[in-house]
Amino acid sequence: NAETDVTRSGDPHEGQTYSGCQVERLLARGGMGSVYYGKRVEDGLPVVVKFLAAHLAQDQGLRARFRREGEVLQRLPAHPNVVGVLGLSDENHPEPHLVMEFVDGLSLEKVLQEQWSLPWDEAVKIGVEIAEALAAAHAHGIVHRDVKPANVLVTRDDRVKVVDFG
């Protein structure tokens, strides 16, 4: 449950605690919601807290779809190329959110913007890791439906993590 103070930034999520995680700063905002960096209070583990946009949270169908994403990914066995879901807000929480593993790196979209193209061997490695992530998800009845460079993260040690199975 969120505390009530608003931090200096004016962002109502920053500085608050959700599902045992202290939200520190905004990472990204999109049409479906926002993603924040935070830390799990119990052990300081870096996490990402993903919120469904407030205007979308009013739609029970979208709330249910968002929740299903979290539930499905929680059931998926840990895989090195799929971002892990660590927690999920309860069904009636006024601000639906998922707590996910923090991936230290850049989206493939940003990598391509910076480098324009990749050496063939690096591109093949990334493609194989994306395919392995999707195969693991498919083996458990999960279809991604929005595979694109923005939904592929490349870690600092060059491992691929597929995100946003919504």
Side-chain angles (χ1 to χ4, degrees), residues 1-76 78-114 130 133 137 142 144-166:
N1 212 4
E3 299 164 4
T4 56
D5 296 333
V6 175
T7 61
R8 279 179 266 147
S9 74
D11 187 307
H13 292 115
E14 289 181 11
Q16 306 307 313
T17 302
Y18 297 87
S19 298
C21 299
Q22 177 90 33
V23 171
E24 293 186 8
R25 70 180 184 278
L26 179 68
L27 293 174
R29 189 179 313 272
M32 294 298 290
S34 50
V35 179
Y36 291 81
Y37 173 82
K39 290 190 178 167
R40 196 161 54 188
V41 173
E42 71 182 45
D43 59 7
L45 179 75
V47 297
V48 167
V49 183
K50 177 181 178 180
F51 291 90
L52 182 62
H55 69 282
L56 299 177
Q58 306 306 311
D59 180 316
Q60 291 305 313
L62 290 175
R63 284 178 72 96
R65 183 173 154 202
F66 183 81
R67 182 164 184 79
R68 267 194 314 274
E69 173 189 1
E71 289 172 343
V72 165
L73 288 175
Q74 277 186 311
R75 289 194 311 265
L76 183 65
H79 189 278
N81 301 115
V82 177
V83 71
V85 172
L86 308 173
L88 180 59
S89 60
D90 68 56
E91 227 170 300
N92 299 314
H93 195 285
E95 297 177 283
H97 58 275
L98 304 175
V99 177
M100 300 182 294
E101 141 188 35
F102 172 71
V103 177
D104 190 14
L106 297 172
S107 71
L108 181 56
E109 178 179 57
K110 287 195 168 117
V111 169
L112 291 171
Q113 285 171 352
E114 289 178 4
I130 292 168
I142 301 167
H144 192 291
R145 296 191 302 183
D146 194 23
V147 180
K148 60 186 179 186
N151 289 337
V152 175
L153 302 178
V154 181
T155 68
R156 295 199 186 281
D157 62 349
D158 293 324
R159 171 139 330 259
V160 165
K161 291 277 192 174
V162 177
V163 300
D164 203 359
F165 281 75

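- The two atoms that bring Leu56 and Gly31 nearest to each other are CD1-O, 3.6 Å, heavy atoms only.
- Arg67 has its side chain out of reach of Leu52: every pair of non-hydrogen atoms, C-beta onward, lies at least 4.5 Å apart.
- Under the side-chain contact (heavy atoms from CB on, under 4.5 Å) criterion, Val48 pairs with Leu27, Val35, Met100, Phe102, sequence neighbours left out.
- Contact of the Val23 side chain with the His97 side chain is not registered, since no non-hydrogen atoms from C-beta on lie closer than 4.5 Å.
- Remark: side-chain polar atoms of His144 are paired, donor with acceptor, to backbone N or O of Asp164 under 3.5 angstrom.
- In terms of heavy atoms, Ser89 sits closest to Pro96 at OG-CA, 3.5 Å.
- Here the straight-line distance linking atom CD of Gln113 with atom OG of Ser107 works out to 7.0 Å at 0.5 Å rounding.
- Shortest non-hydrogen contact noted between Val99 and Ser19 is CG2-CB, 4.0 Å.
- With rounding to the nearest 0.5 angstrom, the CG atom of Leu88 is 11.5 Å from the NZ atom of Lys50.
- Classification of the Phe51-Tyr18 ring pair by plane angle, with boundaries at 30° and 60°, yields perpendicular.
- Taking CE of Met32 as the reference point, atom NE2 of His55 lies at 8.0 Å (rounded to 0.5 Å).
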Requested in this report: For the pair Val103 and Val83, evaluate side chain to side chain contact (heavy atoms under 4.5 Å, CB included) and give the outcome as yes or no after the intermediate values.
Outcome: CA-CA 8 Å; Val103 177; Val83 71; 4.0 Å; yes
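- Although no hydrogens or angles enter the test, the distance criterion places a donor-acceptor pair under 3.5 Å between the side chain of Asn151 and the main chain of Asp146.
- Side-chain contact between Val152 and Ile130: present, with at least one pair of heavy atoms (C-beta onward) separated by less than 4.5 Å.
- Within the model, atoms CD of Glu69 and CD of Gln74 stand 11.0 Å from one another, a figure rounded to the nearest 0.5 Å.
- Listed for the Gln22 side chain is no donor-acceptor partner under 3.5 Å among the backbone atoms of Arg40.
- A distance of 8.0 Å separates CG of Leu45 from SG of Cys21, quoted to the nearest 0.5 Å.
- The two residues Arg159 and Pro80 come nearest to each other via the heavy atoms CD-O, 3.3 Å.
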**Report entry** Stepwise side chain to side chain donor-acceptor pair (under 3.5 Å) check, His13 with Tyr36
**Finding:** CA-CA 8 Å; His13 292 115; Tyr36 291 81; 3.3 Å; yes
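- Judged as a salt bridge (Lys or Arg N to Asp or Glu O under 4.0 Å), not a single pair has a partner in residues 17-28 (not counting sequence neighbours).
- A 4.5 Å side-chain heavy-atom check between Leu73 and Leu76 finds at least one atom pair inside the cut-off.
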